[in-house]
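Report on one structure; see the data block that follows.
Quick note on labels: first sequence line is chain A, next is B, and so on, each numbered from 1.
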2 protein chains.
Amino acid sequence: MKAALDLFSRNGVNGTSIEQIAEKADVSKSNVLYYFKNKEQLYIEVITRLLEIWLKPLQSFSIEQDPIEALAHYIKVKLELSRDYPAESKLFCMEVVQGAPLLIQELESPLTTLIENKVAVIKEWVEQGKLAEVDPYHLIFSIWAITQHYADFNVQIQAVTGKNLNNRAFFNSTLINIQNIILEGVRPRV
Amino acid sequence: MKAALDLFSRNGVNGTSIEQIAEKADVSKSNVLYYFKNKEQLYIEVITRLLEIWLKPLQSFSIEQDPIEALAHYIKVKLELSRDYPAESKLFCMEVVQGAPLLIQELESPLTTLIENKVAVIKEWVEQGKLAEVDPYHLIFSIWAITQHYADFNVQIQAVTGKNLNNRAFFNSTLINIQNIILEGVRPRV
DNA sequence: TTGTAATTAGACCATTTGGTCCAATTTGGA
DNA sequence: TCCAAATTGGACCAAATGGTCTAATTACAA
């Protein structure tokens, strides 16, 4: 499944043959089909396991926390995800970009409920004046977008900056900048 | 090429057959191969044209402008791109996510020079105190990430919010929120 | 009208690939 | 030692597909 994940994320599902997966996993093609009856079945299992990893960090924050701290921490966790699970991030990205033919059902309900919770908390923070007026949905989307971008578009980022998240210093500066942009914005405070 | 773009962005290159493209374009398969000697050739031409559209709005701002206005306008232009060219955005996304095997050369040099310019301008703004301390690269990446996210992940966004950028009100609220988050941040001003 | 370019239909082929089936071998635990 | 599970090799097949080639037809401009 690890081999499959890696190849799928790089070449797409249609661009990956069972034999390539077998070779990469150092097993025979027969053996792959001994455990997965289909390529599609294999894909589904890969995607399913990926979803667990991917949705876990979504469950973090609650009303009692300080919003700025909570958001800063959330950004950090998500950026670590991008650093530590780039293949997962990319495959998830490709799946969603292509319309998530399988994911859509499995994704819609857990995702919306998870988000509803977060949205409620953020909305509460805003009402208490602990956050500026912001639509919770767009805030969450923004954080997702930026953090995942560093995994999904790492080729582009590498091309432009010559660095990636595995570089410790780059990771730190990335994190700090994202947190600053989201939390403080770029307009100078007077 | 329009048909190809559409199918490529939805099913990937490997997941799209020449015949499907021909059918969608209302021509014969023979005719497709009359104008494009290869599927790869077709793909390259599609990608090349896409790049023009995609890099054009990058050329906008200069030092004389007011930074906040310039950034706000830039975000608007990029979000309009996401709304008006979703297929282009998605195909570009998939290409880069997969490592941009062809794009990497064609992309690296024009992209870096374009960015160098923007980075220089932003850096100047920061030094003049017209912007908060921010790394120009991360600022640009953040804007890209968020705006493209609304095109590339529209399925997810639709699943969660039930809306997309073609909805006028949703587009406006999205734009305002992104501008606010990037420019002002979410920490309340005292 | 005429000649060239555009377009099509379709035969055809080689290759890839997903998947089946089976016989043989290996592994590892009881 | 023994047996079931795991693993492999490989033959094999059908379907999809990229691509070639040719002959025929259509469109169109001079």
Side-chain angles (χ1 to χ4, degrees), chain A residues 1-51 87-88 90-106, chain B residues 1-51 87-88 90-106:
Chain A
M1 289 176 66
K2 188 175 173 185
L5 168 67
D6 208 61
L7 289 168
F8 285 161
S9 74
R10 245 203 286 277
N11 310 319
V13 181
N14 291 312
T16 305
S17 69
I18 301 182
E19 191 134 353
Q20 287 173 22
I21 298 171
E23 193 177 350
K24 175 144 196 164
D26 257 322
V27 292
S28 64
K29 176 183 169 188
S30 298
N31 204 19
V32 172
L33 290 165
Y34 178 71
Y35 284 99
F36 307 93
K37 76 172 215 221
N38 264 346
K39 189 166 128 178
E40 192 188 351
Q41 183 60 33
L42 169 56
Y43 181 54
I44 291 180
E45 296 200 23
V46 168
I47 283 276
T48 304
R49 205 172 62 167
L50 172 162
L51 260 194
E88 278 83 354
K90 287 183 178 183
L91 188 55
F92 179 80
C93 174
M94 287 180 54
E95 175 68 13
V96 174
V97 166
Q98 295 187 18
L102 329 156
L103 261 181
I104 193 70
Q105 305 148 359
E106 198 152 359
Chain B
M1 290 178 65
K2 188 174 173 186
L5 168 68
D6 208 60
L7 289 169
F8 286 160
S9 74
R10 246 202 287 276
N11 310 319
V13 181
N14 291 311
T16 305
S17 69
I18 300 182
E19 191 134 354
Q20 286 173 21
I21 299 172
E23 193 177 350
K24 175 144 197 165
D26 258 322
V27 292
S28 63
K29 175 184 170 189
S30 299
N31 203 21
V32 172
L33 290 165
Y34 178 71
Y35 285 100
F36 306 92
K37 78 171 214 222
N38 264 346
K39 190 167 129 178
E40 192 187 351
Q41 182 61 34
L42 169 56
Y43 181 53
I44 291 180
E45 296 201 24
V46 168
I47 283 275
T48 303
R49 204 172 63 168
L50 171 163
L51 260 194
E88 279 83 353
K90 287 183 179 184
L91 188 54
F92 179 80
C93 174
M94 287 180 53
E95 175 68 12
V96 174
V97 166
Q98 294 187 18
L102 331 154
L103 259 182
I104 193 69
Q105 305 147 1
E106 200 152 359

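Residue B:Tyr34 has its side chain nearest to C:dA5 when only D:dG19, D:dT7, C:dA5 are considered. Comparing atom distances between the A:Asn31 side chain and each of D:dT7, C:dG18, C:dT7 picks out D:dT7 as nearest. Taking the side chain of A:Ser30 as heavy atoms from C-beta on, and the options D:dT7, C:dG19, D:dT8, the nearest nucleotide is D:dT8. Which of C:dT8, D:dT7, D:dT20 sits closest to the side chain of B:Val27 comes down to C:dT8. Candidate nucleotides C:dG19, D:dT20, C:dA9 were compared by shortest atom distance to the side chain of A:Asn38, and C:dG19 ranks first. When each of D:dA6, C:dG19, D:dG19 is scored by its nearest atom to the side-chain atoms of A:Tyr35, the top-ranked nucleotide is D:dA6. The A:Ile18 side chain lies nearest to C:dG18 when the options are D:dG19, D:dT17, C:dG18.
Residue B:Asn14 contributes atom CG, which lies 15 Å from atom C1' of C:dG18 at whole-angstrom precision. One atom, NZ of A:Lys39, and another, C1' of C:dT17, lie 8 Å apart when rounded to the nearest Å. The interatomic distance linking A:Glu19 (CD) with D:dG9 (P) rounds to 10 Å, in whole Å. Per the geometry, NZ belonging to B:Lys37 stands 17 Å off C1' belonging to D:dC21, to the nearest Å. The distance between atom CG of B:Leu7 and atom C1' of D:dT17, rounded to the nearest whole Å, is 15 Å. Rounded to whole angstrom, the span from the CD atom of A:Glu23 across to the P atom of D:dT8 amounts to 13 Å. In this structure, B:Phe36 atom CZ and C:dA6 atom C1' are separated by 14 Å, rounded to whole Å.
Contact annotation: side chain of A:Lys29 to base of C:dG19, donor-acceptor pair present below 3.5 Å.
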